[in-house]
Amino acid sequence: QVKLGHLDLEGALIARDRVGIQDFVLLDAHNSETAFLDNLKKRFTEDLIYTYIGTLLISVNPYKELDIYTKKQMDLYMGVNFFELPPHIYALADNVYHTMLSEANNNFILISGESGAGKTEASKKILQYYAVSCPSSTLMDTVRDRMLMSNPVLEAFGNAKTMKNDNSSRFGKYMDIQFDCQGDAVGGHILSYLLEKSRVVHQNHGERNFHIFYQLVEGGEEDLLRHLGLEKDTKHYSYLVQGECSNVSSINDKDDWKTVKNALSVIDFDANDIEHLFGIIASVLHLGNVHFDGDTKGYATLNTNAALRWLLEIHVLVLHEALTFRKIEAKSEEVLSPFTVDHAIYARDALAKAIYGRAFTWLVNRINESLENRDSKRKTVIGLLDIYGFEVFSVNSFEQFCINYCNEKLQQLFIQLTLKAEQEEYEAEGIGWEPVQFFNNKIICDLVEEKHRGIISVLDEECMRPGDATDLTFLDKLEEKMGNHPHFVTHKLANKKTRKSLERGDFRLLHYAGEVTYCVVIRMSKNPIIQQCFPATEGDSRRRPETVATQFKNSLLRLTEILTAKEAWYVRCLKSNDNKQPGKFDEVLVRHQVKYLGLMEHLRVRRAGFAYRRRYEVFLKRYKALCPATWPHWKGVPADGVEKLVQHLGYQPDEYKMGKTKIFIRYARTLFATEDAFEMCKHELGKQKRTQKRHFKFLSCIVSMFIKGYITRREAKTTDNSEYLAFVRQSYLNRLKNNLPTTVLDKTTWLTPPPVMTETSEILRQLHTRMMVRKYVRGITPQKKAQLQQKVVTSGIFKGKKDSYPSSVAVPFVDTRISQSFCIVPVVKYDRNGFKPRPRQLILTQAAVYLVEEAKIKQRVDYVSLKGGVHISTLRDYNVLLRYQYGDMVLQCDHLFEALTKLAMIANKQNNIKVVQGSIKFEIQTGKEGGVDFSTGQEPMIYKGKNGHLMVVALRIKSR
């Protein structure tokens with residue numbers, strides 16, 4: 001797009017045959033999946049990885065570095081209309097931010113896609129954009145740094161190398177970024193979902209455990225490893241060698257270790273936290289090296305190996321202190337017997353997974369503590385949901401079931417919110433809403449989550465019921481409860497053709513994205529060690545514990561409640577190919593992702609009514625040249641101009657609707673025809689300009705003469721410069737006539753004359769000044785003269801000393817408050833003990849100062865007794881301290897300059913008015929002093945401080 005020079009949405013339409021369309025809503029064949037893919041491929045070939053469906057952003061992973069994430073690019077997208085520049089993740093991030101500010105509501109961005117599609121990178125790019133674009137201060141910088149540094153920590157503990165991605169997120173993450181009313185980032189909070197704990201104990205070939213294990217072993221300092229009983233070689237640890245790929249060319253574990261250690265310090269982890277955290281990671285590695293032998297009865301016995309000694313002597317204590325686990329008995333036989341070897345291995349692995357899972361939860365909670373903002377002021381949030389996409393493998397287990405259930409719920413929410421947003425925009429614009437046909441996947445969500453009947457409820461019952469519950473009894477129960485459901489099938493329930501593709505231990509669900517076959521490998525262990533060490537519920541042990549599936553269902557329901565309360569934005573990430581090969585676009589793979597991400601469904605919803613809508617001002621600005629009535633300038637209401645324009649273009653009534661602020665165009669072809677007409681019009685305008693160029697050619701002789709005159713303008717009058725100098729004189733006098741100063745005080749706006757007019761200009765300036773002085777003097781009344789005399793006294797006392805003085809200069813004194821013989825102003829008197837405010841009237845007469853409450857004189861101070869003088873601060877407050885013979889008086893007076901000017905004039909006290917910095921001490925009573933402390937702040941206030949002084953906060957002067 002940048003190469004073509006077209007930076008706005010419609011501008012790229014002229015190149016649509018080459019680079020595709022920036023917004024799928026404008027795709028004419030919007031029901032064609034082939035056309036959809038063809039458009040993606042065109043753009044991908046030109047390194048245009050971003051495309052819109054309305055405000056939804058599609059991102060195709062290019063598997064190479066693109067120079068589109070620079071600071072310059074960020075600056076380009078800041079504060080710009082969403083469709084004004086080419087599609088970009090910065091455009092979406094900026095639009096979300098400004099929508100939050102302008103509407104003062106909460107928003108979230110849902111980032112989804114399969115592993116390796118670029119979800120984590122998209123989340124990072126959004127965070128980095130906010131880090132650069134949001135306002136900055138010490139607090140905001142700290143919050144921003146901690147948010148950014150939480151990424152490498154969570155990636156270390158929650159990401160791993162898989163067959164599809166070297167840095168695959170193995171958990172779902174929702175982060176709230178909190179902003180104050182000024183748009184400053186002031187806090188954050190993270191929720192995590194469904195950590196893939198099975199990876200701790202088992203990795204497929206070509207995959208690794210979580211990054212942190214390798215970082216610790218390969219990058220940990222010698223002293224730390226010695227303390228933890230670890231060796232600097234991953235081959236020594238059973239939990240790290242199963243995938244046979246400990247070393248990966250794209251991963252530098254030593255450097256990543258340094259990054260994580262630094263990030264933990266930025267997030268405010270202390271040394272004790274870090275020691276416990278890595279102690280737990282080490283204990284998991286040691287636990288994986290615990291081995292069992294069988295005795296004569298077939299029961300498992302423990303080998304007294306080094307791993308067991310480290311585990312029992314050191315790391316059990318760490319678990320207890322850091323994660324509040326119940327202490328494990330030191331005698332291993334009491335813990336694990338009487339198990340078979342297989343049961344003991346299963347129990348060991350279950351313990352390792354539980355330890356790591358608790359450690360991860362604790363880690364997220366500690367990060368949240370460092371991001372927490374305890375200020376009670378109202379905040380708005382932008383949420384980032386980085387969640388696993390729909391997964392279909394050759395063998396799909398319980399984790400894929402949970403992930404795909406999550407995607408069903410999010411798809412349900414996605415369609416509901418999209419329809420809601422569309423309907424609300426139509427209603428706001430007064431456009432009739434047309435019902436949209438779409439697949440409602442509620443039937444599938446109910447199949448999974450319905451109480452007493454759903455798959456999760458059946459799983460709960462089987463896990464908790466007495467007797468021997470097995471995978472097959474669970475499958476039997478499913479067949480009994482769901483045998484007639486149209487989206488559920490098993491080997492037993494299937495017809496003859498379908499049965500060939502199903503094993504006896506499988507069940508198949510017909511998801512919105514397609515069919516997925518699940519292998520029933522959900523282990524329903526009732527192993528006593530797990531219940532003893534990691535009870536599902538605290539407190540009442542008789543309470544029925546929740547299964548992992550129910551816990552996930554409940555957390556997902558809470559997440560949907562959080563999201564429903566916010567305005568939704570979407571980023572859909574696609575993999576271009578499975579081999580991470582730059583420039584390769586695998587149509588089969590991309591088609592599959594388009595289907596299970598529901599992109600065609602979303603496009604159908606957006607295109608169900610009108611394909612295109614724009615504000616009248618924007619539409620008219622672009623296309624006004626197509627209609628004589630609107631070109632070159634439309635001076636009426638924009639909506640009327642648009643109506644004139646589209647009627648001139650021949651729009652049919654069914655092709656468009658006029659909303660309150662926008663035009664709605666039903667068909668993309670209508671917009672394309674308009675855009676093509678605009679391109680032709682631009683060529684015609686170019687021809688007109690060339691014709692005008694010929695018309696102006698004869699002016700070249702005149703221009704040449706003026707150039708010669710300009711060159712010789714400082715010389716004596718000649719044939720070459722006489723016309724030019726005459727023009728200069730006339731031009732200067734005309735400009736001067738329209739730009740004469742209007743007041744005597746204006747010393748700067750007199751136009752600088754050309755050299756030929758210097759002497760004349762000075763004579764004219766003097767004459768004009770005399771005329772203004774005469775006019776001003778004749779206009780001064782006696783009352784105004786008295787005002788000016790008083791203002792002169794005020795200036796002598798306060799100019800250059802009191803911050804609030806400049807703003808008072810232009811404000812005249814009021815005759816009802818100040819006259820020749822007296823002055824009456826309202827004040828607030830602060831008691832010397834306790835500083836209780838009391839409304840009073842301050843009356844200045846020829847002899848004394850009176851403090852009056854209603855008609856009652858409360859205090860009289862003769863001017864002769866004002867020996868201590870009058871003290872005020874240098875700030876923008878209106879407080880005054882009167883120091884007289886028998887005590888001191890603290891007052892607040894909104895008309896400070898008037899009152900003190902009158903006091904100075906009546907009592908001849910100009911020299912007794914002191915403007916002081918800092919605090920002012922005064923006498924509360926004989927031998928006891930008080931004080932008034934002055935400072936500045938964002939809001940003016942007066943209150944009693946903890947030091948017993950009266951605290952006066954004046955409004956801070958804004959820096960320019």
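Remember, it's a predicted structure, so these values are computed and weren't measured experimentally. Hydrogens, waters and symmetry mates are skipped; everything else that's a heavy atom, side chains included, is used.
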Tell me, with the steps shown, if Val153 and Leu363 meet side-chain contact (heavy atoms from CB on, under 4.5 Å).
CA-CA 9 Å; Val153 173; Leu363 178 69; 3.9 Å; yes
In plain terms, say whether [X] and [Y] are close enough for a salt bridge, that is, a side-chain N and a carboxylate O under 4.0 Å apart.
X      : Y      : value
Lys409 : Glu449 : yes
Lys580 : Asp166 : yes
Lys124 : Glu155 : yes
Glu221 : Lys261 : yes

Report the C-alpha distance between Lys575 and Glu114 in whole Å, list the side-chain angles of each, state the deciding distance to 0.1 Å, and finish with yes or no for salt bridge (Lys or Arg N to Asp or Glu O under 4.0 Å).
CA-CA 8 Å; Lys575 295 172 62 175; Glu114 73 171 56; 3.3 Å; yes
Can you tell me how far apart [atom1] ([X]) and [atom2] ([Y]) are? Round to the nearest 0.5 Å.
X      : Y      : atom1 : atom2 : value
Glu479 : Thr490 : CD    : OG1   : 3.5 Å
Leu493 : Leu478 : CG    : CG    : 10.0 Å
Cys573 : Asn61  : SG    : CG    : 8.0 Å
Leu191 : Ile562 : CG    : CD1   : 5.0 Å
Glu196 : Gln203 : CD    : CD    : 9.5 Å
Phe414 : Leu563 : CZ    : CG    : 13.0 Å

Distance-only polar pair, side chains of [X] and [Y], donor-acceptor under 3.5 Å:
X      : Y      : value
Ser168 : Arg170 : yes
Ser457 : Glu450 : no
Ser123 : Asp386 : no
Thr550 : Asp460 : yes

Should we say atom [atom1] of [X] is surrounded by more than 12 heavy atoms from elsewhere, each under 6.0 Å from it?
X      : atom1 : answer
Glu369 : CD    : yes
Asn579 : CG    : yes
Lys232 : NZ    : yes

pair [X]-[Y]: side-chain heavy atoms closer than 4.5 Å:
X      : Y      : result
Ile367 : Phe269 : yes
Val520 : Asp506 : no
Val241 : Thr234 : no
Leu230 : His286 : yes
Asn554 : Arg558 : yes
Gln215 : Ile212 : yes
Met482 : Val458 : yes
Tyr405 : Leu509 : no

Got a donor-acceptor contact below 3.5 angstrom from the [X] side chain to the [Y] backbone?
X      : Y      : result
Lys119 : Gly113 : yes
Arg146 : Leu371 : no
Gln551 : Leu194 : no
Lys481 : His452 : yes
Tyr237 : Phe213 : no
His202 : Tyr239 : no
Asn396 : Gln400 : no
Arg572 : Ile111 : no
Thr340 : Tyr299 : no
Asn204 : Glu207 : no

Establish, yes or no, whether a centroid distance under 6.0 Å links the rings of [X] and [Y].
X      : Y      : value
Phe157 : Trp362 : no
Phe552 : Phe398 : no
Tyr356 : Phe210 : yes

Please name the pair of heavy atoms, one in [X] and one in [Y], separated by the smallest distance, quoted to 0.1 Å.
X      : Y      : value
Asp270 : Arg366 : N-NH2, 4.4 Å
Lys353 : Val200 : CG-CB, 4.5 Å
Leu225 : Leu216 : CD2-O, 3.5 Å
Lys173 : Asn151 : NZ-OD1, 3.0 Å
Ile355 : Ser283 : CG2-OG, 4.3 Å
Gly279 : Leu228 : CA-CD2, 3.7 Å

Could you go through the side-chain contact (heavy atoms from CB on, under 4.5 Å) check for Leu264 and Phe278 one step at a time?
CA-CA 12 Å; Leu264 288 171; Phe278 292 128; 3.9 Å; yes
Answer yes or no on whether Arg508 is positioned over the face of Tyr518, meaning its NZ or CZ is under 6.0 Å from the six-membered ring centre and within 45° of the axis.
no
Pair His511, Glu408 - check side-chain hydrogen bond (donor to acceptor under 3.5 Å, both in side chains), show working.
CA-CA 7 Å; His511 289 281; Glu408 285 287 357; 2.8 Å; yes
Test side-chain contact (heavy atoms from CB on, under 4.5 Å) on Asp233 and His236; report intermediate values, then the result.
CA-CA 6 Å; Asp233 189 345; His236 291 299; 3.4 Å; yes
Residue that, paired with Tyr193, satisfies side-chain contact (heavy atoms from CB on, under 4.5 Å) out of Leu556, Leu559, Ile403:
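Of all the options given, the one that passes is Leu559.
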Would Gln412 and Asn441 count as a side-chain hydrogen bond (donor to acceptor under 3.5 Å, both in side chains) here? Give the steps.
CA-CA 6 Å; Gln412 184 184 37; Asn441 66 338; 4.7 Å; no
Just jot down the ring-ring contact (aromatic ring centres under 6.0 Å, His included) partners of Phe360, sequence neighbours excluded, or say none.
Phe171
Would you sort out whether Arg208 and Asp253 count as a salt bridge (Lys or Arg N to Asp or Glu O under 4.0 Å), showing the intermediate values?
CA-CA 12 Å; Arg208 297 205 317 175; Asp253 292 311; 3.1 Å; yes
Which residues pass the side-chain contact (heavy atoms from CB on, under 4.5 Å) test with Met175, not counting sequence neighbours?
Leu127, Ser150, Ile177, Ile190
